2 protein chains.
Amino acid sequence: MDSAPPSTRRQRRGSGGITLGDVARLAGVSPITASRALNTPAQVSPETLARVHEAVARTGYVPNRLAGGLASARSRLVAAVVPTIAGPVFMEMVQSLTSALADAGYQLMLGQSGYADSREDALLEAIIGRRPDGIVLTGIMHSAEGRRRLLASGIPVVETWDLTPTPIDMLVGFSHTQAAAAVVQHLHARGRRRLALLSGDDERALRRNRGFVDEALRLGLIAEPAELPVHLVPAPTTLGSGRAGLARLLQLAPATDAVFCSSDLLALGVLTEAAARGIEVPGRLAVVGFGDLAFAGDTHPALSTVRIDGTAIGQRAARCIVDRAEGRPVEQKVLDLGFQVIQRASS
Amino acid sequence: MDSAPPSTRRQRRGSGGITLGDVARLAGVSPITASRALNTPAQVSPETLARVHEAVARTGYVPNRLAGGLASARSRLVAAVVPTIAGPVFMEMVQSLTSALADAGYQLMLGQSGYADSREDALLEAIIGRRPDGIVLTGIMHSAEGRRRLLASGIPVVETWDLTPTPIDMLVGFSHTQAAAAVVQHLHARGRRRLALLSGDDERALRRNRGFVDEALRLGLIAEPAELPVHLVPAPTTLGSGRAGLARLLQLAPATDAVFCSSDLLALGVLTEAAARGIEVPGRLAVVGFGDLAFAGDTHPALSTVRIDGTAIGQRAARCIVDRAEGRPVEQKVLDLGFQVIQRASS
DNA sequence: GTGAAAGCGCTAACAA
DNA sequence: TTGTTAGCGCTTTCAC
């Protein structure tokens, strides 16, 4: 009862590794029992459990999750797409996402879309091909093609860092428009009247800029949108572009008394350039960043900024996906985590 | 020849998605031909190819790589382990790794080990379970258990950011000892005599510290190791710990005229604290960082540092793994990419 | 609590 | 160039 005649046997030696079958044989049980011992131990008698565990220990068996995923249609893989990991902005989210998923037994696959949408399609295909149990998007998916593919894939999707009335599936974010408006109000309350914008050219930053201009109009700080000095720099933003940006802005509008930067790094650049030029902050110039990165409280002067809780975004996104994967109802499909204007010395 | 009596038929509806079989049927070919059309188009006639591609387009078929990986024993997945992605240090490498792998049709799985080795074991199991085609480690694997498991898995491993005479498999790194010695020489040449160290407490930083002390001894800057003021801060290092660190160092050794920091972020903190205290850099204090992050050239004053080419490390690591996965010979199993002391205004 | 059979979706091996 | 067959290693379904 061992093998057919070797002459007619197809050849296909496995990868050579230990399989669940080997473990089962060593433990003297059937493969499915070994599987249950590892996955649903409650269904197995204590002695059997012990024997299987011993066999695992002796062999150094590591389950093949590719095979498991194929058989169970659950890969325990979650994909995250970020514009770039070179910027520190999304790191906090990715970090907490990785941890939260690891705690639940899921692994993170990372994809970079670049700020341009060119490679997004290939990336989406690569991701969907792995049949992840969930996809976390940074920002919202705009291309109709992309939305359709995601929808068609049937994979749970969480869009993050943004709000939209028409999410693909789930959403964890905050309102960029409101955040910018809150900054205008803050600066206005601090007596600033000649505001300016220094901003990356990515979509979310541009949306904040619109919110900023609108609120400035509403408060009567400007009479028409074009009055507000704006300087755009290419994303991802850097300290260097912050320095150059302030220089340019002061050329455009020397009387500027407050700058709202689209990232803390940009704001740090502004602080640096101001220091280098002997411009007093906040005396002559107020500076507000965005993101509340770890360093924001330790700059000189300490940087006012808008706090976005990347950790919370990552955790909630992980929760959404894990809940869905485990068949639990998702508490909230759309979640506005808000933001917080943090006033420090720079304004 | 279609189906057995329904009564005895096992039930197991698939995931419901489009499969290669569906595509093949639509194109009027066998599944394996469809497979070849997608994977090795050269083996298929032009007309067949066209028909298959059309069928793919019509159905929106996305190949299931879990199944493909299982069947071919090639997952086209590569795992990377970093201590944390919260620090910007390894981002450059991860970024270039992601891109280089994506270009070759591989996807990156990201794992965080934390600076402590506690979770490393669980992480290793999670990774090996996916049967990646390669594993990129940040730093070298120390735990004997970990080394054994990796070796036993048979998966190609690249250790990075370090050199060791006994790599598990492949290695792309540089010498921390030599880098630190080069910094001592640089500071010595610039006339500095009272050196100090401000450093994270991670293993590689500590190794640099030893190299730093050794070289200082050799040059006669100190008579014994304990003479050199050292302040350790917990990794990951931050701008804030740099500020606090300088404060502490000046308490310990007020006459210090040069500080070597274990990261650029720490160094930026030192610059910040020095500015806040009115300490002239480089006049009274020279500052050297480590990493040459994007911002280093734009600080005020511009930061001298040690350039580590993270992009190159990522690319070479990707190349090593892809070569191995595709069955090509690996050019160099051990690669010392070196480093470069970059002198800027801060020293 | 345990097991036998079937099959997840794909590709390697062999055959024509 | 195309097809047939037999798995990859696991888990589902059904049966005891």
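Note on naming: letters A, B, ... go to the chains in the order of the sequence lines (proteins, then strands), and numbering restarts at 1 for each one. On a predicted model such as this, the values are computed, not experimentally measured, just so you know.
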Without decimals, in angstroms, what is the distance between [X] [atom1] and [N] [atom2]?
X      : N      : atom1 : atom2 : value
B:R130 : D:dC10 : CZ    : C1'   : 14 Å
B:R65  : D:dG9  : CZ    : C1'   : 20 Å
B:N64  : C:dG9  : CG    : C1'   : 6 Å
B:D22  : C:dC10 : CG    : C1'   : 13 Å
A:L20  : D:dC10 : CG    : C1'   : 7 Å
A:R76  : D:dC10 : CZ    : C1'   : 14 Å
A:R74  : D:dT11 : CZ    : P     : 11 Å
A:L66  : C:dT11 : CG    : P     : 12 Å

task = Specify the residue among B:G28 and B:R131 whose closest nucleotide of DNA chain D lies further upstream toward the 5′ end.
result = B:G28

message = Using the side-chain hydrogen bond (donor to acceptor under 3.5 Å, both in side chains) criterion, which residues pair with A:E125? Sequence neighbours excluded.
response =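 side-chain hydrogen bond (donor to acceptor under 3.5 Å, both in side chains) list for A:E125, sorted by chain: A:R149.
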
message = Given 3.5 Å as the limit, does a donor-acceptor pair link the side chain of A:T138 with the main chain of A:V81, or not?
response =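 Yes: the side chain of A:T138 pairs with the backbone of A:V81.
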
query = Does any donor atom in the side chain of B:E120 or B:S143 lie under 3.5 Å from an acceptor atom in the other side chain?
reply = no

key: B:T311 and B:E92: side chain donor to acceptor below 3.5 Å   = yes

query = Of the candidate nucleotides C:dC8, C:dA12, D:dC8, which contains the atom at the shortest distance from the side chain of B:A71?
reply =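 Nucleotide nearest to B:A71's side chain: D:dC8.
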
key: Residue pairs, two or more places apart or on separate chains, that pass side-chain hydrogen bond (donor to acceptor under 3.5 Å, both in side chains) and touch residues 318-327 of chain B   =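 The answer is B:R74-B:E326, B:Y106-B:E326, B:D169-B:R324, B:R319-B:E331, B:D323-B:R328.
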
request  = For the pair A:R51 and A:E54, find out whether any cationic side-chain nitrogen is under 4.0 Å from an anionic carboxylate oxygen.
outcome  = no

ask   = Which ones in residues 30-58 of chain A lie close to DNA chain D, meaning a heavy atom under 4.0 Å from one of its atoms?
value = A:I32, A:S35, A:N39

